[in-house]
Amino acid sequence: MSENIRVRFAPSPTGYLHVGGARTALFNWLFARRHGGKFILRIEDTDQARNTDEAMKAIFEGLKWLGLDCDEGPETGGDYGPYYQSQRQDIYDAYMSKLEATGRVYTEENGAVRFKFSRIPIVIPDLVCGDVTFAATEEPDMTLRRPDGSYIFHFVNVVDDIEMRISHVFRGEDHLSNTWKHIDLYHAFGVEAPRFGHIPLLLNPSGSKMSKRDEGASIESYIQAGFHPNAVFNYLCLLGWTPKTEGELITSEQASQIFDISEIHHSNARFDMVKCKWLNQHYMRALDPDELDTFVRKVAQLALPTTHCDTKESALLWQLQQLNLTTVSPAVSSAAFQSVKEKVSLATEFAPWVHFFFRDDFLIDEEVRTKLTAIPQAASLLTALHHSLKNATTWDETNITTIVTEVAAEQKVKPGALMPLLRFSLSGQTRGPDVKIMMNILGQNSTTTRIERLITILS
RNA sequence: GACCCCUUCGUCUAACGGUUAGGACACAUCCCUUUCACGGAUGCGAUGCGAGUUCGAUUCUCGCAGGGGUCGCCA
């Protein structure tokens, strides 16, 4: 039985990989993995005018990024290809002939071919919504083929699902109202329809269907914003499904063990970028220093978008690229990222937190100058620190702490009074990593040089 | 307009017909703390409305309202 389970994701390459589409793909993938079935990718590119190579690439890369591997598809091949609808014209022609033989179609004056609806009530047994009944239709007959010989979505979709032996069709609820047309077609072909399951829609924060303009609409935007795929995968699982796990965290392995289509919700869900980012922060923090370094470097290598350079995301990515990580040793960068990883939620947000680790000519914040002038003994304290640190024989976090504590005692101030001064010297900023960690990463030389620099500026 | 789906805190959601209606994100306050965070604690906050069934309704039924979707020679 489970041998025969075959589901498919059938996007059209007319835009980007939409987050709603990705979620549909995700649920199909989970169903296939859960039941040992096949997950098939089919490109619905019958509308020549609207297809783009860019969109095609976004689909392949987006699915791979999310870890939704296809068992059959344009890139993987398979026994039921070709997997581009644009290459299946002969199959459609053959099916059209079958339909002509049944007398269920007729040709209009301009050459378009229409399908005669049976005009009887049709029940959709839906795995998510239950039985949905549509009364005998009064709509005009449906067009199947354009005068130029190309075919319409409803026709090719049904033909391909038959030909590719698709057992279950899980798609957005926006298709529910059209499904009776598909069932009518299956019956006309004398074929049993697959099992359907209509998944609730993904809504934008204002409550309407996610569209291209909405934040987070395309999967590419997550990649460029520095999201970790596991976080996006996890978040998508949570919209429309509640895995019966301890918390809300779930891996693709776990999800594909326990996914149950009958647990899919019936109501639409609004997309919450804040929660998605929270999950991302969680997943980034779970990475060890090497994994984090690898991840951030990978993000830094992404191409800047050529079309939307003015977005907040691309500005952050640009900043990350200005770090010139290729000139930085992984030992330094991994320690730097590690030191602030609980302060950011996206990989692209690291730059302002770590840039001073990689270059000496950072700017001093205005806020820092203001605070420094409010500390009368700043210069003398820094001079004392400089003296002791310069003479340090071992340079590690423990010893650094000891030295700072000693200087504080000598100067009759709390160690806490010295920390901001050191932070200002080393980073030019009022916020940042733990001071002793900063000093340790920078090393003795750079640390003392930077303190000297601030003393000079003060005098 | 016709048809279809849906309706629990701001958002995502949990709750055999019996719970002080639970959790997560967000928000607020406090603790921790050299900063920012992280972490911990507390707080704020919901069953759309109206009938009915029932000893008892978030849960079942109907009506209404609201939201979403579909009615293409787009997919």
Side-chain angles (χ1 to χ4, degrees), chain A residues 10-15 18 21 43-47 49-51 85 108 110-114 124 126 128-130 132-135 137-140 142-157 171-181 198-203 205-209 235 237-242 244 246-249 265-279 281-282 285 339-345 352-353 367-368 371 401 404 408 414-424 427 429-436 438:
Chain A
S12 67
T14 54
H18 190 271
I43 303 295
E44 305 221 330
D45 55 350
T46 54
D47 189 349
R50 293 171 54 200
N51 299 333
Q85 288 187 330
E108 304 212 289
N110 67 0
V113 177
R114 283 184 184 259
I124 301 165
D126 193 282
V128 175
C129 306
V132 182
T133 306
F134 286 82
T137 189
E138 289 174 25
E139 280 183 33
M142 141 172 91
T143 305
L144 259 28
R145 190 170 68 189
R146 303 184 184 94
D148 69 0
S150 64
Y151 292 92
I152 299 300
F153 161 73
H154 301 293
F155 180 79
V156 293
N157 191 265
R171 61 196 351 178
E173 194 201 276
D174 48 344
H175 289 284
L176 182 58
S177 300
N178 281 327
T179 299
W180 63 268
K181 299 176 186 174
H198 288 90
I199 299 165
L201 264 22
L202 220 46
L203 270 29
S206 51
S208 51
K209 194 175 164 182
Y235 185 62
C237 281
L238 261 27
L239 291 174
W241 179 46
T242 305
K244 290 190 170 61
E246 268 300 304
E248 296 185 324
L249 302 173
H265 306 326
H266 299 176
S267 54
N268 296 341
R270 293 189 195 204
F271 190 89
D272 182 2
M273 185 57 85
V274 173
K275 184 151 185 178
C276 192
K277 283 185 182 174
W278 173 78
L279 272 169
Q281 180 179 43
H282 171 87
R285 287 207 307 143
S339 73
V340 293
K341 72 175 179 181
E342 62 285 306
K343 302 175 198 300
V344 301
S345 52
W353 290 95
E367 197 184 348
V368 168
K371 289 195 173 176
T401 305
V404 173
K414 290 179 189 168
L418 300 179
M419 297 304 179
L421 293 172
L422 287 167
R423 178 183 304 289
F424 298 161
S427 70
Q429 299 180 345
T430 56
R431 285 187 284 261
D434 186 288
V435 168
K436 63 177 179 298
M438 288 169 73

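Letters go in sequence order (proteins before strands), and every chain restarts at 1.
- Nucleotide B:U70 forms a Watson-Crick or G-U wobble pair with B:A2, both donor-acceptor distances falling under 3.5 Å.
- Among the protein residues, A:T46 comes within range of the sugar-phosphate backbone only, with heavy atoms under 4.0 Å from sugar or phosphate atoms but none that close to a base.
- A close approach under 4.0 Å does not occur between any side-chain nitrogen or oxygen of A:S177 and OP1 or OP2 of B:C3.
- The nearest heavy atom of RNA chain B to A:A269 and to A:K275 marks one nucleotide each, and the one closer to the 5' end goes with A:A269.
- Rounded to whole Å, the C1' atom of B:U11 lies 34 Å from the corresponding atom of B:U54.
- Within 4.0 Å (heavy atoms only), A:G172 reaches no atom of the nucleic acid at all.
- Regarding A:M142, its CE atom lies at a distance of 17 Å from the P atom of B:U70, rounded to whole Å.
- Among the atoms of the strands shown, base atoms are found under 4.0 Å from some heavy atom of A:E108.
- A:G432 comes within 4.0 angstrom of a nucleotide base, judged by non-hydrogen atoms across all strands.
- Between B:G69 and B:G50, the distance separating the two C1' atoms is 26 Å to the nearest Å.
- Proximity of A:S12 to the phosphate of B:A75: no side-chain N or O atom is located under 4.0 Å from OP1 or OP2.
- If you take atom C1' in B:U13 and the same atom in B:U8, they sit 9 Å apart, rounded to whole Å.
- With distances taken from any side-chain atom of A:V274 to the nucleotides B:C25, B:C5, B:A75, the minimum falls on B:C25.
- For A:H175 and B:A75, the NE2 to C1' distance is 7 Å, given to the nearest whole Å.
- The shortest distance between side-chain heavy atoms of A:S208 and A:L203 does not fall below 4.5 Å.
- Between the side chain of A:D126 and the main chain of A:V132, no donor-acceptor pair closer than 3.5 Å is present.
- Residue contacts for A:N178: at a heavy-atom cut-off of 4.0 Å it reaches a base atom on one of the strands shown.
- The side chain of A:D174 lies closest to B:G69, out of B:G69, B:A75, B:A24.
- In this model, the phosphate group of B:G39 is approached by a side-chain N or O of A:R285 to a distance below 4.0 Å at OP1 or OP2.
- Between the CZ atom of A:F153 and the P atom of B:G72 there is a distance of 14 Å, rounded to whole Å.
- Between B:A46 and B:G23, the two P atoms lie 14 Å apart (nearest whole Å).
- One C1' atom belongs to B:A28, the other to B:C44, and the distance between them is 7 Å to the nearest Å.
- A heavy-atom distance below 4.5 Å is found between the side chains of A:R171 and A:T179.
- The side chain of A:R270 approaches B:C12 more closely than any other nucleotide in the set B:C12, B:C73, B:U34.
- In this structure, the nucleotide among B:U34, B:G23, B:C4 sitting nearest to the side chain of A:M419 is B:U34.
- Note that the CG atom of A:N51 and the CD atom of A:Q85 stand 10.0 Å from one another [nearest 0.5 Å].
- For the atom pair A:D174 CG and A:L201 CG, the distance stands at 5.0 Å (nearest 0.5 Å).
- Using atom P as the reference point in both B:C27 and B:C36, the two lie 15 Å apart (nearest Å).
- Between A:Y235 and A:F271, the ring planes are perpendicular. Angles over 60° get that label, and only those under 30° would be called parallel.
- Going from atom CZ of A:R423 over to atom C1' of B:C36 covers 8 Å, rounded to whole Å.
- Using the Watson-Crick or G-U wobble rule with both distances under 3.5 Å, B:A65 pairs with B:U7.
- Set against B:A26, B:G68, B:U7, the side chain of A:S267 has B:U7 as its closest nucleotide.
- Close to B:C73, at under 4.0 Å from its OP1 or OP2, lies a side-chain N or O of A:R114.
- When distances are taken from the side chain of A:F134 to each of B:A14, B:C3, B:A75, the shortest belongs to B:C3.
- With P as the reference atom, B:C9 and B:A14 are 12 Å apart, rounded to whole Å.
- In this entry the distance linking CD of A:E367 with P of B:C36 reads 10 Å, nearest Å.
- Side-chain atoms of A:H154 and A:T143 include no donor-acceptor pair closer than 3.5 Å.
- No contact: A:T137 has no heavy atom under 4.0 Å from any strand.
- Using Watson-Crick or G-U wobble geometry with both donor-acceptor distances under 3.5 Å, B:C60 finds its partner in B:G52.
- Pair assignment for B:A28: B:U42, on the basis of Watson-Crick or G-U wobble contacts that are both within less than 3.5 Å.
- Pairing of B:A14, defined by two Watson-Crick or G-U wobble distances under 3.5 Å, is not identified with any nucleotide.
- Within 4.0 Å (heavy atoms only), A:Y235 reaches no atom of the nucleic acid at all.
- For A:R431 and B:U33, the shortest distance from a side-chain N or O to OP1 or OP2 is not below 4.0 Å.
- Residue A:T242 has no polar side-chain atom (N or O) positioned under 4.0 Å from OP1 or OP2 of B:C12.
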Hey, mind stepping through A:R145 and A:E108 against salt bridge (charged side-chain N to carboxylate O under 4.0 Å, His left out) and telling me if it holds?
CA-CA 10 Å; A:R145 190 170 68 189; A:E108 304 212 289; over 6 Å; no

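- Note: CG (A:L202) to P (B:C12) measures 10 Å, nearest angstrom.
- The pair A:K436-A:D434 counts as a salt bridge, with a side-chain nitrogen and a carboxylate oxygen less than 4.0 angstrom apart.
- Of the side-chain N and O atoms in A:K209, none sit less than 4.0 angstrom from OP1 or OP2 of B:G67.
- Phosphate proximity of B:C6 to A:H198: absent, as no side-chain N or O sits under 4.0 Å from OP1 or OP2.
- Base pairing of B:U20 is not made with any nucleotide, judged by Watson-Crick or G-U wobble geometry with both donor-acceptor distances under 3.5 Å.
- One donor-acceptor pair, N or O on each side, does fall under 3.5 Å between the base of B:C73 and the side chain of A:N110.
- A straight line from CG of A:N268 to C1' of B:C4 spans 12 Å, rounded to a whole angstrom.
- Under 4.0 Å is where a charged nitrogen must lie from a carboxylate oxygen, and between A:R431 and A:E367 no such pair does.
- Residue whose closest nucleotide on RNA chain B sits further toward the 5' end, between A:K244 and A:D272: A:D272.
- Within 4.0 Å (heavy atoms only), A:E139 reaches sugar-phosphate atoms of the nucleic acid but no base atom.
- B:U20 and B:C62 have their C1' atoms separated by 32 Å, given to the nearest Å.
- Protein atom CD of A:E173 is 12 Å distant from nucleotide atom C1' of B:G67, rounded to whole Å.
- Distances from the side chain of A:K343 to the nucleotides B:C71, B:C36, B:U35 place B:C36 closest.
- Using a 4.0 Å cut-off, no side-chain N or O of A:N157 falls inside it from OP1 or OP2 of B:A75.
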